[in-house]
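Working notes, structure below.
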Amino acid sequence: MNLLLYGAPGSGKGTQANMLRSRFGIPHIATGDMLRAEIQAGTPLGRQAQPILAKGQYVPDDIMIGMIRNRLHKPDAGGGFIIDGFPRTVPQAEALDVLMGELGRSLDRVLYLKVEMAELLERLSGRLVCPACQRTYPPGTTACAADGTALVQREDDNVEAVKPRIEIYLSKTVPVLEHYRGTGIVSEIDGRGTIDEITGRVLNAIGENGRFNSMSFLP
Ligand code: AP5
Ligand code: MG
């Protein structure tokens, strides 16, 4: 099952990807998490990326395309994957098409988590993350349920960075959805409601046994 999670910052991509990874045993490939791991490790890429992420801008396409190419060639991605945070620009989407062709694979479904702007801003301002495993939690949580690590706020979850993150999403990433619209693989999922309700909609969109249900578009 080759899945792509699409949605604005704070729409719940990471939250739903964790569920899909546990349920289907396929890797969660999140470019934001990969960049934050590079920053934490102090690599040359991490040093280059840190100020870009802190300001809510995008890392250059050539770097991101190289990163996803390397990751998708790893053996654990051979049985399927959940991509989260890529492609974020039309050139990245075109590069992913080429890469899928090289790998002899195709995307089975693009899961678009649709959430209103006011809700996105509220979620991002309250979000907490585990610095060890990158799982995300709503406000009020203190420790990671998986490993007990004390939760922290992400460096880009502040007013100065959230505004440019939303703006760049609207200008550069909304056109990516148009790139996939004509392919018939987009499921538009109402991202309002509890996490469990949205999980139910995601599973319905991909089908219990990995068989893909016809799209249920929002009105
Ligand atoms: P990335 O890490 O991908 O950030 P993002 O796209 O801004 O998305 P988020 O991780 O903020 O949100 P999410 O949709 O995962 O929501 P979550 O599940 O956490 O990228 C970070 C940066 O890296 C980018 O800004 C860019 O600089 C760079 N980058 C990455 N990829 C790149 C690329 N391809 N090209 C260029 N640059 C790139 O949920 C949010 C919160 O809401 C959590 O607290 C959660 O608990 C809560 N929540 C979830 N669901 C619900 C619900 N149903 N009800 C209430 N609360 C909920
Ligand atoms: Mg995320």
Side-chain angles (χ1 to χ4, degrees), residues 4-21 28-39 45-46 48-69 71-72 82-96 99 111-116 118-130 133-141 144-145 151-158 160-174 176 189-202:
L4 197 150
L5 278 164
Y6 174 93
S11 57
K13 303 182 294 295
T15 303
Q16 296 302 327
N18 269 327
M19 171 281 295
L20 291 167
R21 174 179 58 182
H28 171 203
I29 299 178
T31 46
D33 290 351
M34 291 161 78
L35 288 167
R36 283 184 289 276
E38 297 280 343
I39 293 170
L45 170 58
Q48 184 185 351
Q50 190 277 333
I52 300 176
L53 267 73
K55 283 186 257 173
Q57 295 166 353
Y58 283 176
V59 173
D61 284 341
D62 56 339
I63 294 177
M64 298 314 301
I65 291 164
M67 179 182 271
I68 207 85
R69 173 174 281 117
R71 184 63 187 87
L72 287 177
I82 309 143
I83 301 179
D84 157 6
F86 187 99
R88 269 179 144 92
T89 64
V90 170
Q92 290 184 17
E94 290 166 352
L96 186 61
L99 181 55
L111 300 159
Y112 168 29
L113 300 174
K114 192 172 181 182
V115 179
E116 287 161 10
E119 168 97 16
L120 294 174
L121 297 175
E122 194 182 316
R123 286 188 193 177
L124 289 174
S125 63
R127 172 176 50 191
L128 294 161
V129 295
C130 172
C133 71
Q134 308 282 339
R135 282 183 174 82
T136 57
Y137 295 91
T141 325
C144 177
L151 302 180
V152 297
Q153 194 171 34
R154 239 169 69 173
E155 196 183 9
D156 57 352
D157 280 349
N158 55 63
E160 293 77 30
V162 165
K163 192 165 171 280
R165 281 167 67 196
I166 300 281
E167 282 170 358
I168 201 168
Y169 166 78
L170 294 173
S171 65
K172 298 261 189 314
T173 309
V174 167
V176 169
I189 292 162
D190 184 353
R192 297 166 298 181
T194 66
I195 290 171
D196 286 348
E197 283 167 345
I198 294 152
T199 294
R201 290 174 202 145
V202 168

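Counting starts at 1 for both ligands and their atoms, in listed order. Since the structure is predicted, the reported quantities are computational estimates derived from the model, not experimental observations. Positions are given from 1 along the sequence.
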Using a cut-off of under 3.5 Å, which N/O atoms of ligand 1 pair up with protein N/O atoms, and what distance separates each pair?
{"residue": "ligand 1", "atom": "2 (O)", "partner": "Arg36", "partner atom": "NH1", "Å": "3.0"}
{"residue": "ligand 1", "atom": "2 (O)", "partner": "Arg36", "partner atom": "NH2", "Å": "2.9"}
{"residue": "ligand 1", "atom": "2 (O)", "partner": "Arg154", "partner atom": "NH1", "Å": "3.3"}
{"residue": "ligand 1", "atom": "3 (O)", "partner": "Arg88", "partner atom": "NH1", "Å": "3.3"}
{"residue": "ligand 1", "atom": "3 (O)", "partner": "Arg88", "partner atom": "NH2", "Å": "3.4"}
{"residue": "ligand 1", "atom": "4 (O)", "partner": "Arg154", "partner atom": "NH2", "Å": "3.2"}
{"residue": "ligand 1", "atom": "6 (O)", "partner": "Lys13", "partner atom": "NZ", "Å": "3.1"}
{"residue": "ligand 1", "atom": "6 (O)", "partner": "Arg88", "partner atom": "NH2", "Å": "2.5"}
{"residue": "ligand 1", "atom": "7 (O)", "partner": "Arg165", "partner atom": "NH2", "Å": "2.8"}
{"residue": "ligand 1", "atom": "8 (O)", "partner": "Lys13", "partner atom": "NZ", "Å": "3.1"}
{"residue": "ligand 1", "atom": "10 (O)", "partner": "Arg127", "partner atom": "NH1", "Å": "3.3"}
{"residue": "ligand 1", "atom": "10 (O)", "partner": "Arg154", "partner atom": "NH1", "Å": "3.0"}
{"residue": "ligand 1", "atom": "11 (O)", "partner": "Arg127", "partner atom": "NH1", "Å": "3.0"}
{"residue": "ligand 1", "atom": "11 (O)", "partner": "Arg127", "partner atom": "NH2", "Å": "2.7"}
{"residue": "ligand 1", "atom": "11 (O)", "partner": "Arg154", "partner atom": "NH2", "Å": "3.4"}
{"residue": "ligand 1", "atom": "11 (O)", "partner": "Arg165", "partner atom": "NH2", "Å": "2.7"}
{"residue": "ligand 1", "atom": "12 (O)", "partner": "Gly10", "partner atom": "N", "Å": "2.9"}
{"residue": "ligand 1", "atom": "12 (O)", "partner": "Arg127", "partner atom": "NH1", "Å": "3.3"}
{"residue": "ligand 1", "atom": "14 (O)", "partner": "Ser11", "partner atom": "N", "Å": "3.3"}
{"residue": "ligand 1", "atom": "14 (O)", "partner": "Gly12", "partner atom": "N", "Å": "3.1"}
{"residue": "ligand 1", "atom": "14 (O)", "partner": "Lys13", "partner atom": "N", "Å": "2.9"}
{"residue": "ligand 1", "atom": "14 (O)", "partner": "Lys13", "partner atom": "NZ", "Å": "2.9"}
{"residue": "ligand 1", "atom": "15 (O)", "partner": "Gly14", "partner atom": "N", "Å": "2.9"}
{"residue": "ligand 1", "atom": "16 (O)", "partner": "Gly12", "partner atom": "N", "Å": "3.2"}
{"residue": "ligand 1", "atom": "18 (O)", "partner": "Gly14", "partner atom": "N", "Å": "3.3"}
{"residue": "ligand 1", "atom": "18 (O)", "partner": "Thr15", "partner atom": "N", "Å": "2.8"}
{"residue": "ligand 1", "atom": "18 (O)", "partner": "Thr15", "partner atom": "OG1", "Å": "2.6"}
{"residue": "ligand 1", "atom": "19 (O)", "partner": "Arg127", "partner atom": "NH1", "Å": "2.7"}
{"residue": "ligand 1", "atom": "19 (O)", "partner": "Thr136", "partner atom": "OG1", "Å": "3.3"}
{"residue": "ligand 1", "atom": "20 (O)", "partner": "Arg88", "partner atom": "NH2", "Å": "3.4"}
{"residue": "ligand 1", "atom": "27 (O)", "partner": "Gln57", "partner atom": "O", "Å": "2.5"}
{"residue": "ligand 1", "atom": "31 (N)", "partner": "Thr31", "partner atom": "OG1", "Å": "2.8"}
{"residue": "ligand 1", "atom": "31 (N)", "partner": "Gly85", "partner atom": "O", "Å": "3.3"}
{"residue": "ligand 1", "atom": "31 (N)", "partner": "Arg88", "partner atom": "NH1", "Å": "3.0"}
{"residue": "ligand 1", "atom": "34 (N)", "partner": "Gly85", "partner atom": "O", "Å": "3.0"}
{"residue": "ligand 1", "atom": "34 (N)", "partner": "Gln92", "partner atom": "OE1", "Å": "3.0"}
{"residue": "ligand 1", "atom": "35 (N)", "partner": "Gln92", "partner atom": "NE2", "Å": "3.0"}
{"residue": "ligand 1", "atom": "37 (N)", "partner": "Val59", "partner atom": "N", "Å": "3.1"}
{"residue": "ligand 1", "atom": "44 (O)", "partner": "Tyr137", "partner atom": "O", "Å": "3.0"}
{"residue": "ligand 1", "atom": "46 (O)", "partner": "Pro138", "partner atom": "N", "Å": "3.3"}
{"residue": "ligand 1", "atom": "53 (N)", "partner": "Gly193", "partner atom": "O", "Å": "2.9"}

Which atom pairs, donor and acceptor, lie under 3.5 Å between side-chain atoms of residues 49-58 and protein residues at least two apart or in another chain?
{"residue": "Gln50", "atom": "NE2", "partner": "Glu155", "partner atom": "OE1", "Å": "3.2"}
{"residue": "Gln50", "atom": "NE2", "partner": "Glu155", "partner atom": "OE2", "Å": "3.0"}
{"residue": "Tyr58", "atom": "OH", "partner": "Thr173", "partner atom": "OG1", "Å": "2.6"}

> What pair of heavy atoms forms the shortest contact from Gln134 to Asp33, and how long is it?
Replying inline: OE1-OD1, 3.6 Å

>> For Tyr169 and Tyr6, take the angle between the two ring planes, folded into 0 to 90°, and tell me which bin it lands in: parallel under 30, tilted 30 to 60, perpendicular over 60.
In response: tilted

> Can Arg123 and Asp157 be counted as an ion pair, charged N to O under 4.0 angstrom?
Replying inline: no

> Any sub-3.5 Å donor-acceptor pair from Gln92's side-chain atoms to Arg88's backbone N or O?
Replying inline: yes

> side-chain contact (heavy atoms from CB on, under 4.5 Å) with Thr89: which of Asp61, Ile168, Ile65?
Replying inline: Asp61

